[in-house]
Q: 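Here it is, the structure in full.
All values derive from a computational prediction rather than experimental measurement. A, B, ... follow the sequence lines: proteins, then strands. Residue 1 opens every chain.
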Amino acid sequence: MSRYIEQNLIDRSRRGDAEAFGEIYFALKDSIYGFAYRMTNAGSIAEEITQEVFVFFIENAEKYDADKGSLFSFLCAVARNKVLNHLKKSGTKLETNNFEEVEIVDSSNGSGRSPLKNLLDKEFSAKVEECVFRLSPFQREVLLLREMEELSYEEISQITSLSIGVIKSRLYRARQTLVSELSPYAKSEKVNIYEVHRS
Amino acid sequence: MKCIEVSKNLDILLDGEIHDFRHKKIESHLNICGSCRAKFESLQAISNSIRQTLPGAAPSSLDERVLKAFQDHHAKRESAPPEEKAGWFQIPKLAFAAAFLLFALFCGAAFELGKLSANNVSVSVADINPAPKRIENADFGADHPGINEPEQLVKTKFVKVPVIKEKIVTKIACVDRDQITAHKTRKDNSAQDTFAINNSINDKEFLTQTNLKDFQPVSEIKPIVTKQEE
């Protein structure tokens, strides 16, 4: 959705145009829901958070400033705050205590090709999802915003109010953790040995 | 570029956030270094996998609740009094009332301070050169011939005193010098007169003797404050 069209819909929505609000809602609801779901790993919580985000927009539409970012960034920031509040209330630690450098695992087997590249089956996808959820919420949120929504570092910075340096650092740590945890599930390449018989 | 330097930038390369000369250098390195290329491909695999494992669309039951919330909100706004519809243009009534009260207090304080700064007794002497005139004073009775105001230059002293809620009462009575002398020679009990005379002003300029009981000499003038209920 272009910025011009988006601003037009927002203005109409502020004036009570249900059709304009509906267009905004249906365009963004899956992204907001997906982010909330992947952060909380609970469909009911994600649904509740998504509803709260859009109700917040309905009641506070005048607080959105187009100069500060896209509408999605605005709503995502609201969703992020609600997710983090939920995680805090549930007793989840938002940061890992271990700030050591994650050891960079050389996942190559010397052949110059990554075994992880070969893994596209459902089992691996399930493992990835599980490992992503085991990341700390602060690492998880930047990873999801980058991978799921394909947001730039600048847009992620607007949503999370983090510096780009911190975002890069958290992305790096998150990905290295995933590479490290998923390496045992990599399939090894089979080497075929042929005997050559001389006739 | 060395492998250690390339490894630090693989994430940024994956995210498309390298826009300078390093981009080509890293790509060139990946073309020749199998180890770094394998690391980069691992990151790509994880990124692809995360994108493929999307949770799906939001449940449709959510749609009805959100759209209803929108309609309820705007229906409420439509039925609200006009002043509540102004949105962020409306100045909160309480804030406006508080600002007005502060302004009124400030004005009142400024007014009071202005009054206090004027609470200094200042004396200025203005030269007046009126034409001599006869002074009639009823205190001395109708038979009193009265006295003529000296023909010399009369200087008038002005005394500024606070006037709000306070009154300074002054009395000046002109007394003939001859009468003062007569009082001094009288032998009867005239303690009151003596007291009056002893407390009289011997003001050379005004050449008057006054009955100044309970009054202060002009030379030591201090405002006499007589508080009266208004």
Q: What option among A:K29, A:E154, A:K168 has the most heavy-atom pairs under 4.5 Å with chain B?
A: A:K29

Q: Answer with side chain, backbone, both or neither: which region of A:S152 has an atom nearer than 4.5 Å to a non-hydrogen atom of chain B?
A: both

Q: Run the salt-bridge test on B:R77 and A:E59 with the 4.0 Å N-O cut-off and return the result as yes or no.
A: no

Q: Are there residues of residues 48-56 of chain A whose heavy atoms fall under 4.5 Å of chain B's heavy atoms? If so, which?
A: A:T50, A:Q51, A:F54, A:V55

Q: Just verifying a value: how many Å separate A:L178 CG and B:L43 CG, rounded to the nearest 0.5 Å?
A: 9.5 Å

Q: Heavy atoms, side chains only, cut-off 4.5 Å: are B:R65 and A:E47 in contact?
A: yes

Q: Examine whether an atom of A:N60 lies under 4.5 Å from a heavy atom of chain B, and if so say whether it belongs to the side chain, the backbone or both; otherwise answer neither.
A: neither

Q: Which answer fits A:F57, side chain, backbone, both or neither, if we ask what part of it has an atom under 4.5 Å from a heavy atom of chain B?
A: neither

Q: Taking side chain as everything from C-beta outward and backbone as N, CA, C, O, which of these in A:Y153 sits under 4.5 Å from a heavy atom of chain B? Side chain, backbone, both or neither.
A: both

Q: With side chains defined as the heavy atoms from C-beta onward, is the minimum distance between B:I46 and A:R175 less than 4.5 Å?
A: no

Q: What part of A:L143 gets closer than 4.5 Å to chain B, counting heavy atoms only: side chain, backbone, both or neither?
A: side chain

Q: Main chain of A:E147, side chain of B:R51: is a donor-acceptor contact present, judged purely on distance under 3.5 Å?
A: yes

Q: Is there a donor-acceptor pair under 3.5 Å between the side chain of A:Y172 and the backbone N or O of B:D11?
A: no

Q: Would you confirm whether A:D30, through its side chain, and B:A58, through its main-chain N or O, come within 3.5 Å as a donor-acceptor pair?
A: yes

Q: Quick check: are there more than 12 heavy atoms from other residues, nucleotides or ligands sitting under 6.0 Å from CD1 of B:I4?
A: no

Q: In Å, rounded to the nearest 0.5 Å, how long is the span from CG of B:L62 to OH of A:Y33?
A: 9.0 Å

Q: Where along residues 13-28 of chain B does a heavy atom come under 4.5 Å of chain A, listed by residue number?
A: B:L14, B:D15, B:E17

Q: Identify the heavy atoms of B:S42 and A:V179 that sit nearest to each other, and give their distance.
A: CB-CG2, 4.4 Å

Q: Ignoring hydrogens, what is the shortest heavy-atom contact between B:F70 and A:D17? Give both atom names and the distance.
A: CZ-O, 3.7 Å

Q: Looking only at the side chains, is there a donor atom on one of A:E129 and B:S49 sitting less than 3.5 Å from an acceptor on the other?
A: no

